[in-house]
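Handing you a structure now.
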Amino acid sequence: MNKNFIFIKNNNQTILYYISFIPLIIYGLYKNGYLLVTNKYLSSFDAYKIILYPLVCTLIGIIFSLVFKKRQKEVITYALLMGVAAPYNFNMYLYFLLVFSFMFVVSFVPNKYKVNEVAFLITIFIALNYFSKSYSIFNPMEITNKYSYTLVDLFFGRGASYLFTSSIFYMIFSYFILSFIKTYKRSIPVIASSVFIILVITYMLITKTYLNNIKLLLNGTTIFSFVYLATINESSPSTKYIMYIYAALIGILSFVTIYLFDIYTGSIISVFIISVIYRIYEIIRQNKFLKNA
């Protein structure tokens, strides 16, 4: 009886996790579908294809989960995250092929050092886009640079981002949903965001450049990294104080990559790098413990 109750409870928490993506997907369809069609940047048929990213990626994860029965929860979750964080100007079929390959790796290659696999794959995309000079986070309307958005517009999600990661407003709503999941590390986004905001405000006061820095601050992809990527259980700390340090370091490195190195999606790279640093720390700590045992 207790086992059944635990299973139902965990299953409900998983469903709640998936529900948290709904506001992001709805807004992404509005921003990268409806607005582009109404402003004649996209045909209705092409707009409908956008929903395929989260649907097909999640379906790939489900198929791998059911067929191979390895790391089932991670496979579906990672596939969904890849669907939500899909770049705009990237061949859809090639992207699905890459996600399929990634799911194969996740299913069959042990993550021995428990680095953040999703952040790692997106970091590869960032590097490819950088060297190919591709502007994958800009939709056709944004590439024209004809529109001037207010800070409120950016907060609600009108800025450049991956397909479903632009809205800070809806990200906060999603975070509220995630906070009801007991296994969700809700302190990580709060600490990472707080450190990041404090550093940005300090930087603005020192440089006395406000508007452009605030626009960079209202970057939905940064918040997405803090809320969804940094909190992946397998690659983040479980100990409270280590978790706080981990989150603070992500906030610091995100500031460095975005503001000092001018990498708009630097928070994703930061999550990957800090997950690697955390694992190095864990290996050193475990080796010292074994030597003293």
Side-chain angles (χ1 to χ4, degrees), residues 24 77-78 81-82 84-87 102 111 113-131 136-137 154 159-162 164-168 171-172 174-175 178 184-204 207 212-239 241-283:
L24 307 183
T77 300
Y78 295 176
L81 284 168
M82 292 306 303
V84 170
F102 175 58
N111 186 7
Y113 297 108
K114 300 187 184 299
V115 298
N116 195 306
E117 294 165 300
V118 181
F120 174 62
L121 185 63
I122 302 176
T123 297
I124 292 174
F125 278 114
I126 294 169
L128 290 173
N129 291 325
Y130 176 79
F131 290 112
S136 64
I137 61 171
L154 295 175
S161 75
Y162 294 113
F164 303 97
T165 66
S166 65
S167 178
I168 294 174
M171 208 77 65
I172 292 170
S174 295
Y175 173 78
L178 291 167
Y184 179 72
K185 297 171 181 177
R186 59 182 69 87
S187 63
I188 289 176
V190 173
I191 295 169
S193 299
S194 299
V195 170
F196 181 74
I197 291 168
I198 289 168
L199 289 172
V200 172
I201 292 171
T202 305
Y203 182 73
M204 285 192 295
T207 60
N212 287 336
N213 286 325
I214 292 173
K215 285 182 178 180
L216 272 179
L217 178 63
L218 298 175
N219 176 351
T221 301
T222 301
I223 306 304
F224 174 80
S225 303
F226 297 162
V227 172
Y228 283 101
L229 301 186
T231 54
I232 291 175
N233 281 326
E234 190 178 34
S235 56
S236 58
S238 298
T239 308
Y241 296 110
I242 301 297
M243 194 187 302
Y244 294 165
I245 296 170
Y246 164 86
L249 288 174
I250 287 174
I252 293 168
L253 191 57
S254 295
F255 167 78
V256 171
T257 53
I258 294 170
Y259 281 86
L260 303 186
F261 288 96
D262 196 27
I263 303 172
Y264 191 77
T265 51
S267 57
I268 295 172
I269 300 171
S270 301
V271 170
F272 169 63
I273 291 173
I274 298 303
S275 78
V276 172
I277 292 172
Y278 167 62
R279 285 304 156 189
I280 292 171
Y281 161 77
E282 278 291 288
I283 291 168

Taking all atoms of both residues into account, what is the closest heavy-atom pair of Tyr184 and Pro189, and its distance?
-> OH-CG, 3.3 Å

Side-chain heavy-atom pair Leu216, Tyr264 within 4.5 angstrom cut-off | yes

Which atom names give the shortest non-hydrogen contact between Ile252 and Val195, and what distance separates them?
-> CG1-CG1, 3.6 Å

So, do Lys185 and Ser238 sit near enough that their side-chain heavy atoms are less than 4.5 Å apart?
-> yes

Taking it one step at a time, do Glu234 and Glu117 satisfy side chain to side chain contact (heavy atoms under 4.5 Å, CB included)?
-> CA-CA 10 Å; Glu234 190 178 34; Glu117 294 165 300; 3.7 Å; yes

Minimal non-hydrogen separation, Leu217 against Tyr259, with atom names | N-OH, 3.0 Å

May I ask you to decide if the ring planes of Tyr278 and Tyr246 are parallel, tilted or perpendicular, using 30° and 60° as cut-offs?
-> perpendicular

Show your working on side chain to side chain contact (heavy atoms under 4.5 Å, CB included) between Tyr162 and Ile268 and close with a plain yes or no.
-> CA-CA 12 Å; Tyr162 294 113; Ile268 295 172; 3.6 Å; yes

What are the two closest heavy atoms between Met243 and Ser187, and how far apart are they?
-> SD-OG, 3.4 Å

Closest approach of Tyr175 and Arg186, non-hydrogen atoms and distance?
-> OH-O, 2.7 Å

To the nearest 0.5 Å, atom CZ of Phe226 lies from atom CD1 of Ile223 at 6.0 Å

List the steps, then state whether side chain to side chain contact (heavy atoms under 4.5 Å, CB included) holds for Ile242 with Tyr281.
-> CA-CA 10 Å; Ile242 301 297; Tyr281 161 77; 3.7 Å; yes

Please say whether more than 12 non-hydrogen atoms of neighbouring residues, nucleotides or ligands are located less than 6.0 Å from CZ in Phe120.
-> no

Distance in Å, Leu81 CG paired with Leu121 CG, rounded so as to fall on 0.5 Å steps | 11.0 Å

Given side chains that start at C-beta, do those of Tyr228 and Leu178 come closer than 4.5 Å, heavy atoms only?
-> yes

Heavy atoms, side chains only, cut-off 4.5 Å: are Ile280 and Val276 in contact?
-> yes

Atom OG of Ser254 and atom CD1 of Ile258: how far apart are they, to the nearest 0.5 Å?
-> 5.5 Å

Between atom CD1 of Ile277 and atom OG of Ser270, what is the distance when rounded to the nearest 0.5 Å?
-> 9.5 Å

Roughly how far, to the nearest 0.5 Å, is CG of Asn116 from CD1 of Ile232?
-> 4.0 Å

CZ/Phe196 to OG/Ser225 distance, rounded to the nearest 0.5 angstrom?
-> 9.5 Å

Give the C-alpha distance, both sets of side-chain angles, the deciding distance and a yes or no for side chain to side chain donor-acceptor pair (under 3.5 Å) between Ser161 and Thr221.
-> CA-CA 6 Å; Ser161 75; Thr221 301; 4.6 Å; no

Run the side chain to side chain contact (heavy atoms under 4.5 Å, CB included) check on Ile172 and Ile168 step by step: do they pass?
-> CA-CA 6 Å; Ile172 292 170; Ile168 294 174; 4.1 Å; yes

If every non-hydrogen atom of Val200 is compared with every non-hydrogen atom of Asn213, which pair is closest and at what distance?
-> CG1-O, 4.2 Å

How are the rings of Tyr244 and Tyr241 set relative to one another: parallel (under 30°), tilted (30 to 60°) or perpendicular (over 60°)?
-> perpendicular

